[in-house]
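What follows is a short report on a single structure.
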Amino acid sequence: QVQLVESGGGLVQAGGSLRLSCAASGRSAGTYAMGWFRQAPGKEREFVAALSWGGSRTFYADSVKGRFTISRDNSKTTVYLQMNSLKPEDTAVYSCAARRSFTVVGDWIREDDIDYWGQGTQVTVSS
């Protein structure tokens with residue numbers, strides 16, 4: 001069992017930055033590919049970014065490319081989402097997810113084989 005706990009959300013003005021963290025704990029916590037998803041009010045949850053176990057491969061949603069960066073620490077148990085140039089449309093609850101394999105971006109977009117989910121952290125971007 002792996003537990004995922006997000007932190008770092010908050011209120012920021014448009015154009016500002018936030019860094020989200022996702023701490024993984026439990027058996028084999030550092031051996032998973034990790035991703036971030038978000039759900040805005042009244043909308044379905046959507047894929048944001050994913051990172052392979054080793055950190056060498058990434059996927060990003062088109063809406064965040066060039067603005068968001070996913071990374072993980074050397075222990076591989078904490079994953080970060082650096083969010084720059086934030087827009088009001090980035091307002092959402094952001095959740096991290098763990099998956100045994102990295103595979104292809106379509107699997108992340110469809111949320112296939114997600115093993116664990118965090119509870120989420122609220123990000124609000126004011127205009």
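Values reported hereafter were calculated over all heavy atoms of this structure, with side chains retained and with hydrogens, waters and symmetry mates removed.
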Between the side chain of E46 and the main-chain N/O of Q39, is any donor-acceptor distance below 3.5 Å? no
Only one of T58, V48, L20 clears side chain to side chain contact (heavy atoms under 4.5 Å, CB included) with I70; which? T58
Measure from the side-chain N and O atoms of T121 to the backbone N and O of G9, and report whether any donor-acceptor pair falls under 3.5 Å. yes
So if I apply the side chain to side chain contact (heavy atoms under 4.5 Å, CB included) rule between I109 and each of F47, F59, F37, which one comes out positive? F47
Can you tell me if S101 and T103 form a side-chain donor-acceptor pair at under 3.5 Å? no
Check: E6 side chain, Q119 main-chain N or O, donor-acceptor pair, under 3.5 Å: yes
CA sep, side-chain torsions, deciding dist, call: R38, D90, salt bridge (Lys or Arg N to Asp or Glu O under 4.0 Å): CA-CA 9 Å; R38 67 186 182 186; D90 293 319; 2.9 Å; yes
Under 3.5 Å, side chain of W108 to main-chain N/O of F102, donor-acceptor pair present? yes
Against the six-membered ring of W117, is R45 placed for a cation-pi contact (under 6.0 Å from the centre, within 45° of the normal)? yes
Cation-pi check, R72 onto Y80 ring (under 6.0 Å, within 45° of axis): no
Evaluate salt bridge (Lys or Arg N to Asp or Glu O under 4.0 Å) for D107 paired with R110, printing each intermediate quantity in order. CA-CA 5 Å; D107 290 343; R110 290 187 296 271; 2.7 Å; yes
Parallel, tilted or perpendicular: ring planes of Y116 versus Y32, cut at 30 and 60 degrees: perpendicular
Any side-chain donor paired with an acceptor under 3.5 Å for S63 and R67? no
Tell me if a side-chain donor or acceptor on D73 pairs with a main-chain N or O of T78 at a distance below 3.5 Å. yes
Test M83 against T69 for side-chain contact (heavy atoms from CB on, under 4.5 Å), laying out the working first. CA-CA 7 Å; M83 306 186 295; T69 303; over 6 Å; no
